[in-house]
Amino acid sequence: MRRTLALALGVLLLTLGTITPAHAATLALTPITLGNVFTDGQAVKVGLSTDAASVTWSAADVNGTVVATGSQAAASTLQLSVTNRGWYKLTVQAGTLTAQTTFAILSPLSTAPVTGVASTRVGDFENAAEGWTFYPGSEFPGATGGFALDTTDNHSGTHAGKLSGDFSAGGAYVSVTRPLPAVAANSVSLWARTPNLSFLTFRLTDATGQVHQQRLTLSGGTDWQPLTVTRFDGGKQYVHFGGANDGVWHGPAKQIEVVLDKGAISGATSSSVSLDDLTLNSPAPAPTTPLGDYESTAEGWSFYPGSEFPGATGSLSYDTASPQSGAQSAKLTGDFTGGGNYVALQRTFVPVNLNALSLWVKSSQLSALGLRLTDATGQVHQQRLPLTGTGWQQLNVTRFDGGTGYLHIGGANDGVWHGPATAIMLTLDKSSISGTTASVNVDAVAATTRRSLVGASTHFGGSWSPNAIPLLAQTGARGARDEAYWSAAETTAGTYSFPAKVNAYLQSWQSNSLDPLLIADYGNCLYDCPDQLFNAPYTDTGRAAFANYADALATQYPQVHNLAVWNEWDVNAAGPANKTPDSYLALLKATYTKVKANHPDVTIVGGGDTDVTQQAWFQAFCQLGGLKYLDVVSIHPYNYLHAPEGLGAAIDQVRATIRQYNGGVDKPIWITEAGWFTGTAQASVDEATQAMYLARAQLNVPGHDVGRFYMYDFKNDGVDPAAQEDNFGLVHHEADALGAYTPKPAYVAYATAARQLRGATFLGKEYPGNGLIDQVYAANDGTPFRAIWAASGANSTVTVKATGPVQVTSLYGLSYTLSPDANGQVSVTVGVWPTYISGTNVTSVTAP
């Protein structure tokens, strides 16, 4: 009986062993696309591992609102029906098990050259007239293939160029080539798509006939991917041959060649690559905002008779006789036979954050033209611009609170320029003419505005893997800031060997079009010791050695045009140097002198990285004469407990100190670190607040004339929620339970702002009411747009007046179009999160 029962139980157990468990024992999610970041049109897929028969899932937005749900049978891939741009948290359930990850959907990153770069398209492949020619690599016989214009797959337009190669009978490579127009290019960009190539070989022939060859690494993905070459006489596996054959670039480029190598094919003897949107990029003039071309009265210029000194008469007319540019110029006439002191032409405008003003002037009667600019406080800054000769001459003004005959009135009335400018007046003064009547023609009045760059601080020179670099580039960041430690580069006195990881991340930055800001930093026990890392140089010998290391760094990496001297001396200069301003100045002076002697074009970034609590330190540094030994002042205005609008006060205080000790003249200011951390540590913010604050910081600092903003930092440095340093990032740490490099909400908010600001010019700030801030920009293509938010408080509804469609984009990148009603108005709800409003038809934004 017992034996029979045992047999029955055994059969039952065997039978049960073939039944799928009711509750899954395993469930895991892994990114398929790097960091689970997708762009419009990409299928959202996540790697799935489970022993359950099926799973259910839900996706929630940053507010916790579920926006999509679904279920599917178990498979290696989970595909989600989410298509709207934004940040999402994915929750997957299999029986009683739950797994989570995050993902993001972004708009594609524009490939249009940013402001400051002129682009020459040499490969849109829309027709055969571009002159591309196939070459079978005949010096290594056997390869076959071809090149054709392909209508089945393209990145833009209707065609791409498709290069195919077959090496089953031998050969080493095939290529496609074309001659180039004479353009002084400093970079080349293109888009490529391939099923299985690991790299492309890229060749440029210079003016001497020398061929410069390098490899461009491909991501391994099969989607279109951008490639950029920013150095022609270097790069991965660089070689040169022919022509001057000296390994030095002699521009301009004469010919371009894209090579499909047999060695780049994985697991096959044939392959292909599609090419599109290939451009030569070269430096362009600084962005300008026209203030007066005088082609239409709609610009708003008017005549003013200088009424406070009665008696003068005159006029403003539009003169078609020999304008400097366009069809007409402005002609100002003045008659002082009845008295008076001056007449003028004047206009107001949307505030412009100009750093220079240019205009063309012609007069046979004036010795000087008067210029008056009104700043943001209402203060008028007046100076005289001397004239010579009788023909057209260009006048350039780079200082607004100085110059010949300078005086100031109204507003702050302190003789300090408080940008942006709000109005301009050009005066014909009685004192500048020899008689009682005169005239002057004016044309092409333009404000030059400073370019801005958004970047991120990183630690690839430390422990970070370079795998995440493409994810940083995908945000739209145009620069990154990192280190090459002195102690690692000089392990034998006088000999420099930079670690392979520095070479690797800088190469990847170059491939991903990230402009490097490199820090020369920290101690070296070959010299001043005892602390290997933070013990700062404190002897003349140690400082000279540090200067030699910085010079070697600039020599080793010619693609680095911006070099910072130390990081946060006021907190990271341990030992006898004692973090003091005078000890930093001694190191800065030695380094500046050495590097500038050998690399005069390298921008030296310094100043101790002042934060909001160290203004006295920075003032002492300036008082000692430190500003003479740097090109850019670096600041770290962290303010964890405050909203980003508070950055403005710190910037303005630093600028006032610079002017105080630099003869009233500015030095450029860069924010090289600022950010907010999430987690549970004291002074942390939640993830939605971090996202909102970072976007507002990006948008706010151009209004304070900050040239660059590097958020700190790109990636969480760990997984401890109670550690500040582990939680500053835009993406999660590799070991995070949510998945390696998966996005935080800040990633999407930062990327959305970076896309809006990419190549944009800040024009000014308006205050439509209800505590709202309205920042006005010109986009990279000149289209105006606004970023609107409230520093605090409840939501508001703004009224947008427009004559046509208005595009509205949210903090997380979701865009929609609104059409104005019969009164030409559109209502948009805004709040503490930035909202982007664009459209050439927008005339004003007001709050009730």
Between Arg178 and Ile256, is the side chain to side chain contact (heavy atoms under 4.5 Å, CB included) condition met? List the steps.
CA-CA 6 Å; Arg178 68 154 288 182; Ile256 190 170; 3.7 Å; yes
Looking at [atom1] of [X] and [atom2] of [Y], how far apart are the two atoms once the value is rounded to the nearest 0.5 Å?
X	Y	atom1	atom2	value
Ser634	Leu517	OG	CG	7.5 Å
Trp301	Arg347	CH2	CZ	6.5 Å
Ile604	His599	CD1	NE2	9.5 Å
Met425	Leu345	CE	CG	9.0 Å
Thr437	Lys430	OG1	NZ	12.0 Å
Leu426	Leu371	CG	CG	6.0 Å

What do the steps show when you test Val706 against Ile651 for side chain to side chain contact (heavy atoms under 4.5 Å, CB included), and what is the final call?
CA-CA 8 Å; Val706 171; Ile651 297 165; 3.6 Å; yes
Show your working on side-chain hydrogen bond (donor to acceptor under 3.5 Å, both in side chains) between Ser315 and Thr333 and close with a plain yes or no.
CA-CA 5 Å; Ser315 65; Thr333 61; 2.9 Å; yes
Under 4.5 Å between any side-chain heavy atoms of [X] and [Y], yes or no?
X	Y	answer
Arg659	Trp417	yes
Thr835	Val828	yes
Val633	Leu627	yes
Lys362	Ser322	yes
Pro834	Ile788	no
Trp360	Asn441	no
Trp789	Leu699	yes
Leu369	Leu428	no

Under 3.5 Å, is there a donor-acceptor pair between the side chain of [X] and the main chain of [Y]?
X	Y	answer
Asn823	Gln825	no
Asn341	Phe309	no
Gln383	Asp401	no
Gln365	Ser439	yes
Ser432	Ser367	no
Thr603	Asn562	no
Glu130	Asp124	yes
Arg372	Ala423	no
Thr374	Thr422	no
Gln807	Gly839	no

Name the orientation class of the two ring planes belonging to Tyr406 and His381 (parallel below 30°, tilted from 30 to 60°, perpendicular beyond 60°).
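Ring orientation of Tyr406 relative to His381: parallel.
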For the residue pair His155 and Trp191, does the interplanar ring angle fall in the parallel (under 30°), tilted (30 to 60°) or perpendicular (over 60°) class?
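Rings of His155 and Trp191: parallel, under 30°.
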Between [X] and [Y], a side-chain donor and acceptor under 3.5 Å:
X	Y	answer
Ser107	Arg755	yes
Asp429	Ser431	no
Ser815	Thr809	yes
Thr279	Ser189	yes
Thr158	Glu126	yes
Tyr294	Gln324	no

Is any NZ, NE, NH1 or NH2 atom of the basic residue among [X] and [Y] found under 4.0 Å from an Asp or Glu carboxylate oxygen of the other?
X	Y	answer
Glu645	Arg696	yes
Asp515	Arg478	no
Lys596	Asp601	no
Arg121	Asp277	yes

Nearest non-hydrogen partners of [X] and [Y], listed with the distance:
X	Y	answer
Ile433	Ala438	CG2-CB, 3.5 Å
Thr377	Ala412	OG1-N, 3.1 Å
Gln379	Val416	NE2-O, 3.2 Å
Tyr661	Cys622	CD1-CB, 3.7 Å
Pro323	Gly326	CG-O, 3.5 Å

If you count heavy atoms of other groups shown closer than 6.0 angstrom to NZ of Lys331, is the number above 12?
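Atom NZ in Lys331 is not crowded, with 12 or fewer foreign heavy atoms closer than 6.0 Å.
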Partner residues of Trp392 under the ring-ring contact (aromatic ring centres under 6.0 Å, His included) criterion, sequence neighbours left out:
none
Not counting sequence neighbours, which residues clear ring-ring contact (aromatic ring centres under 6.0 Å, His included) with Phe709? List them please.
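Residues passing ring-ring contact (aromatic ring centres under 6.0 Å, His included) with Phe709: none at all.
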Just one of Asp375, Asp414, Asn413 clears the side chain to side chain donor-acceptor pair (under 3.5 Å) bar with His408, so which one?
Asn413
Checking side chain to side chain contact (heavy atoms under 4.5 Å, CB included) between Val445 and each of Val361, Ile424, Leu395, Asp293, which is the one that passes?
Ile424
Derivation and outcome, side chain to side chain contact (heavy atoms under 4.5 Å, CB included), residues Gln328 and Asp319:
CA-CA 5 Å; Gln328 55 191 24; Asp319 189 358; 5.8 Å; no
Using the side chain to side chain contact (heavy atoms under 4.5 Å, CB included) rule, take Thr313 and Phe336 through it: C-alpha gap first, then chi angles, then the decisive distance, then the call.
CA-CA 7 Å; Thr313 59; Phe336 305 101; over 6 Å; no
